[in-house]
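Every chain is numbered from 1 and lettered A, B, ... according to where its sequence line falls, protein lines coming before strand lines. Only heavy atoms go into these numbers, but all of them, side chains included; no hydrogens, no water, no symmetry mates. Being a predicted model, the structure only gives us computed values, none of them experimental.
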Amino acid sequence: MTYTTAIFYFFAAILVFAGLRVITARNPVHAALYLVLAFFTAAGLWMLLEAEFLAITLVLVYVGAVMVLFLFVVMMLDINLEKLREGFWDYLPLAGFVAVLLVIEMALILGSRHFGLEVMGAPAPHAADYSNTKELGRVLYTEYVYAFELAAVILLVAIVAAIALTLRRRKDSKYIDPAEQVKVRRNDRLRIVKMQSTPKPGTGEGGA
Amino acid sequence: MENAGMDWTAIQAVVWTLIKILALVVPLMLGVAYLTYAERKIIGWMQVRIGPNRVGFQGLLQPIADAVKLLMKEIIIPSGASRGLFILGPILAIAPALAAWAVIPFTDSLVLANINAGLLYVMAITSMGVYGVIIAGWASNSKYAFLGAMRSAAQIVSYEIAMGFALVGVLMAAQSLNLTDIVHGQAGGLHHWYIWPLFPLFIVYLIAGVAETNRAPFDVAEGESEIVAGFHVEYSGMAFAVFFLAEYANMILVAALTTLMFLGGWLSPVTFLPDGIVWWLLKTGFVLFLFLWFRATFPRYRYDQIMRLGWKVFIPITLVWIVVVGGMMQTPYGYLFH
């Protein structure tokens, strides 16, 4: 067993364990944290495949941003797992059927007849200074530029739609416009009144 | 990749790497210790106080005394806390703060791992630092800690976007993600540094860096006047000290990255003086001084002001400047942006 293979099995074991814990952990926060572990380990596996750009982006996007927001929400909610698990045995047959179907589909495609080492040999490892990121960028912006731009537009539409669906103006909001605050000048708030200083009757000149 | 199996050379490489990691972490921890001393002294002088001056000559042994004190103290785990995660919190805070240092170059040859996607790696690793804060806040099972964690999560995620866009500008100018190459792109003296063509991005990066490290005036996650000490209110002894170490290691990291990306790293500002690590230390020290100066100068931001600054000011600025840089590169004046 080579060093790389050993690392692969180590990562794979952690990944499977984390994946199982995501669905078996009783506490939703623990489950979300196991999902973080699963993402991170998957990134490690991608790194072994010399896909360093994808691996780092997986950590940056999913671990660094998506899961943080996920945890944010899960921590705020009061989730009762007992209630969620109520229908477990009713749904089990259907879920089992879907799972078996998935396994059969994957076996058909990923079997050794199509994906074995004879059909698809392991690619030759690249030199240490080979930049996966640069190659990916080059292909993305030349050959696949239309597909790439389309995907970007679809994402933009999704962002706009999500904001449009949730945006509401509250009537009782105490919103202050910072630009207005900055623009305020002394004369808008303060009125200086010029007055004649007149001595009180009786105490006037004589007192001084 | 090693294909010959776990033979003698592999073990040798591991041991050698461990020695190099130690050679990096020990000076870093010393730097953290004396940064706390510098902070207390400098802020002291700024406020016309003396600062620590009792332990050792001019108080120079104060950080050592503090470290020993924190080591001796008991770590109290609240009875309602989620035990495992409570201990995991500080670990997850310090691990990314140290791991990011693996790709930071100090000179042409002095770097632990000179990898191609160095900048991406730093961004990915530092984006994980927020877990320490969130987990600590949640596991403490205290409302103050939880409020601190929530504030911190929202703040860090918001400023990471502006920070990432600022780095995109650097990437465009240097045409490389390798930190050593980014510094080499700025060779030729003071006027070749990226701070000039990328000035708006430099400002955004610096301020977002202060926000990312939860430093004043962006320290709402701690906010001692509102939520006691925020996410680490339940921590004591060394567990608390680890959070402290992580914050200061992150500060030095942001200062080092600012130096590398905008201030020419180890390159000398004038061509008749040799390049060297001295310049790196001086520039990083200057950026760290700015951090301390900010803390002594500005009052804490209100939460909605923080969000507004991040989303409505910084992100548009970076987006516009990326377009400006990209557009200018197509004109005959493009050389100004390389």
Side-chain angles (χ1 to χ4, degrees), chain A residues 1-8 27-30 32-33 36-37 39-40 43 47-76 125-137 173-179 181, chain B residues 1-7 9-11 13-14 82 84-85 88 92 96 113-131 133-135 137-139 146 149-154 156-158 160-161 164 167 171 175-178 181 302 304-305 308-309 312-313:
Chain A
M1 190 158 65
T2 65
Y3 184 55
T4 322
T5 324
I7 292 184
F8 169 79
N27 189 323
V29 172
H30 292 184
L33 286 173
V36 172
L37 179 62
F39 278 135
F40 194 77
M47 201 70 103
L48 283 180
L49 294 172
E50 299 185 25
E52 80 264 10
F53 179 76
L54 282 179
I56 295 177
T57 314
L58 179 71
V59 173
L60 185 63
V61 175
Y62 282 90
V63 177
V66 173
M67 286 312 293
V68 173
L69 297 179
F70 217 87
L71 264 182
F72 197 101
V73 173
V74 167
M75 285 176 177
M76 300 270 233
H126 293 286
D129 61 344
Y130 174 79
S131 176
N132 179 294
T133 316
K134 204 172 242 172
E135 289 302 313
L136 211 62
S173 162
K174 286 180 181 162
Y175 179 74
I176 308 161
D177 187 2
Q181 285 182 306
Chain B
M1 277 299 144
E2 194 74 49
N3 274 325
M6 298 221 235
D7 54 10
T9 50
I11 295 170
V14 167
S82 174
L85 288 181
L88 195 67
L92 280 181
N114 187 5
I115 65 171
N116 265 329
L119 202 56
L120 259 183
Y121 170 84
V122 168
M123 277 184 69
I125 293 294
T126 49
S127 72
M128 284 169 40
V130 63
Y131 281 104
V133 174
I134 300 186
I135 290 176
W138 183 78
F146 190 59
M150 289 290 115
R151 288 176 173 197
S152 164
I156 291 184
V157 169
S158 313
E160 221 164 59
I161 302 171
L167 299 191
L171 163 67
Q175 306 194 325
S176 172
L177 282 168
N178 182 310
D181 289 347
R302 217 169 56 205
D304 63 313
Q305 291 171 331
R308 180 178 165 271
L309 185 70
K312 293 187 178 172
V313 179

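- The side-chain contact (heavy atoms from CB on, under 4.5 Å) search around A/Val66 returns A/Val61, A/Tyr62, not counting sequence neighbours.
- The number of heavy-atom neighbours closer than 6.0 Å to CZ of A/Phe40, taken from other residues, nucleotides and ligands shown, is 12 or below.
- Atom-to-atom distance recorded for B/Leu171:CG and A/Thr133:OG1 is 9.5 Å, nearest 0.5 angstrom.
- When each of A/Leu69, A/Leu60, A/Leu58 is scored by its heavy-atom pairs under 4.5 Å with chain B, the top score falls to A/Leu60.
- When heavy atoms are compared at a cutoff of 4.5 Å, B/Ser176 does not approach chain A at all.
- With a 6.0 Å radius and a threshold of 12 heavy atoms from other residues, nucleotides or ligands, A/Phe72 has its CZ atom above the threshold.
- The contact between B/Ala154 and chain A is made by backbone and side chain atoms together, counting heavy-atom distances below 4.5 Å.
- Side-chain contact check for A/His30 versus B/Leu85: some heavy-atom pair is nearer than 4.5 Å.
- Heavy atoms of B/Ile156 lying under 4.5 Å from chain A are absent altogether.
- For chain A, the option among B/Met150, B/Met128, B/Met123 with the highest count of heavy-atom pairs below 4.5 Å is B/Met150.
- B/Leu88 has its side chain out of reach of A/Leu33: every pair of non-hydrogen atoms, C-beta onward, lies at least 4.5 Å apart.
- The greatest number of non-hydrogen atom pairs below 4.5 Å with chain B, out of A/Val36, A/Leu71, A/Val29, is found for A/Val29.
- Listed here is the closest heavy atom pair of A/Gly64 and B/Glu160: O-OE1, 3.8 Å.
- Contacts of A/Phe53 classified as ring pair (Phe, Tyr, Trp, His ring centres under 6.0 Å), with partners at least two apart in sequence or in another chain: none.
- For a residue to count as touching a neighbouring chain, one of its non-hydrogen atoms must lie under 4.5 Å from one of that chain's; by this rule A/Ile56 touches chain B with backbone and side chain alike.
- Within the 4.5 Å cutoff, side-chain heavy atoms of B/Tyr131 are placed close to those of A/Met67.
- Of the listed residues (B/Ile134, B/Val157, B/Val130), the greatest number of heavy-atom pairs within a distance under 4.5 Å of chain A belongs to B/Ile134.
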